[in-house]
Amino acid sequence: MRIGELAERTNVPTRLLRYYEEQGLLSPNRAANGYRDYPEELVDRVTQIRGLLDSGVPTRIIKQILPCLDDPCTIHVTDATPELIASLEQQRDQMDARIRCLARNRDAINAYLDVVRRDTH
DNA sequence: TTTCTTACA
DNA sequence: TGTAAGTA
């Protein structure tokens with residue numbers, strides 16, 4: 001499929017699909033006219049990349065674990081280099097921090113909602 | 001019409 | 001990331 005279709009199916013703008021390619025996250029084939037040609041499997045891969053990016057994982061690290069990504073939300077390391085282990089541990093810590101931050105804001109919003117409901121009702 | 005590259009905000 | 005220009 002061409003970039004436009006992949007963009008629609010993944011909800012990722014074409015601008016970003018080209019950017020991910022530039023970062024080494026994607027490597028589509030080229031048609032005779034120069035258009036990028038993506039295989040079906042890339043739909044899931046792009047979804048996976050989006051998930052990691054939205055979790056705060058930088059493209060440079062995604063690039064490292066990309067070959068370890070299979071089914072949705074699955075990461076299995078086969079070539080665990082010390083550097084990769086270190087960066088993954090750092091990423092995990094950053095994720096934990098974000099999760100705690102989100103949890104606090106969620107709780108704060110819930111508390112606010114509770115008082116609003118009490119006043120309104 | 002869609003995609004491509006390059007470049008700027 | 002979004003958008004613009006000029007093509008193929």
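Naming convention: chains lettered A, B, ... in sequence-line order (proteins, then strands); numbering from 1 in each chain.
Residues that satisfy the salt bridge (Lys or Arg N to Asp or Glu O under 4.0 Å) test with A:D119, not counting sequence neighbours, are absent from this structure. Looking at residues two or more places apart in sequence or on another chain, you find a side chain to side chain donor-acceptor pair (under 3.5 Å) between A:Q90 and A:Q94. Every salt bridge (Lys or Arg N to Asp or Glu O under 4.0 Å) that A:R30 has, sequence neighbours left out, goes to A:E21. For the salt bridge (Lys or Arg N to Asp or Glu O under 4.0 Å) test, residues two or more places apart in sequence or in another chain that qualify with A:R117 are A:D114. For A:E8, there are no side chain to side chain donor-acceptor pair (under 3.5 Å) partners two or more places apart in sequence or in a different chain. Legend: residues meeting side chain to side chain contact (heavy atoms under 4.5 Å, CB included) with A:R2, ordered by chain and number and at least two apart, are A:Y35. Considering only residues two or more places apart in sequence or on other chains, A:N110 meets the side chain to side chain donor-acceptor pair (under 3.5 Å) condition with none of them. A:E40 pairs by the side chain to side chain donor-acceptor pair (under 3.5 Å) definition with A:R9, not counting sequence neighbours.
Summarising the hydrophobic clusters (Ile, Leu, Val, Met, Phe, Trp, Tyr; side-chain heavy atoms under 4.5 Å, direct or chained), the residues clustered with A:I109 are A:Y112, A:L113, A:V115, A:V116.
In this structure, A:Y38 and A:L17 have side chains that are in contact, with non-hydrogen atoms separated by less than 4.5 Å.
The interatomic distance linking A:Y19 (OH) with B:dT6 (C1') rounds to 16 Å, in whole Å.
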For nucleotides 2-6 of chain C, list the nitrogen or oxygen atoms of the protein found under 3.5 Å from its nitrogen or oxygen atoms, one pair per line.
residue: C:dG2; atom: N7; partner: A:R15; partner atom: NE; Å: 3.2
residue: C:dG2; atom: O6; partner: A:R15; partner atom: NE; Å: 3.4
residue: C:dG2; atom: O6; partner: A:R15; partner atom: NH2; Å: 3.0
residue: C:dT3; atom: O4; partner: A:R15; partner atom: NE; Å: 3.1

Under 3.5 Å between N/O atoms: give me all the protein pairs with nucleotides 3-5 of chain B, atom names plus distance.
residue: B:dT3; atom: OP1; partner: A:G4; partner atom: N; Å: 2.7
residue: B:dC4; atom: OP1; partner: A:R36; partner atom: N; Å: 2.8
residue: B:dC4; atom: OP1; partner: A:R36; partner atom: NE; Å: 2.9
residue: B:dC4; atom: OP2; partner: A:R18; partner atom: NE; Å: 3.0
residue: B:dC4; atom: OP2; partner: A:R18; partner atom: NH2; Å: 2.7
residue: B:dT5; atom: OP1; partner: A:R30; partner atom: NH1; Å: 3.2
residue: B:dT5; atom: OP1; partner: A:R30; partner atom: NH2; Å: 2.9
residue: B:dT5; atom: OP2; partner: A:R36; partner atom: NH1; Å: 3.4
residue: B:dT5; atom: OP2; partner: A:R36; partner atom: NH2; Å: 2.1

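Stretches of at least 3 consecutive Watson-Crick or G-U wobble pairs, with each checked distance under 3.5 Å, appear in DNA chain C as B:4-9 with C:1-6.
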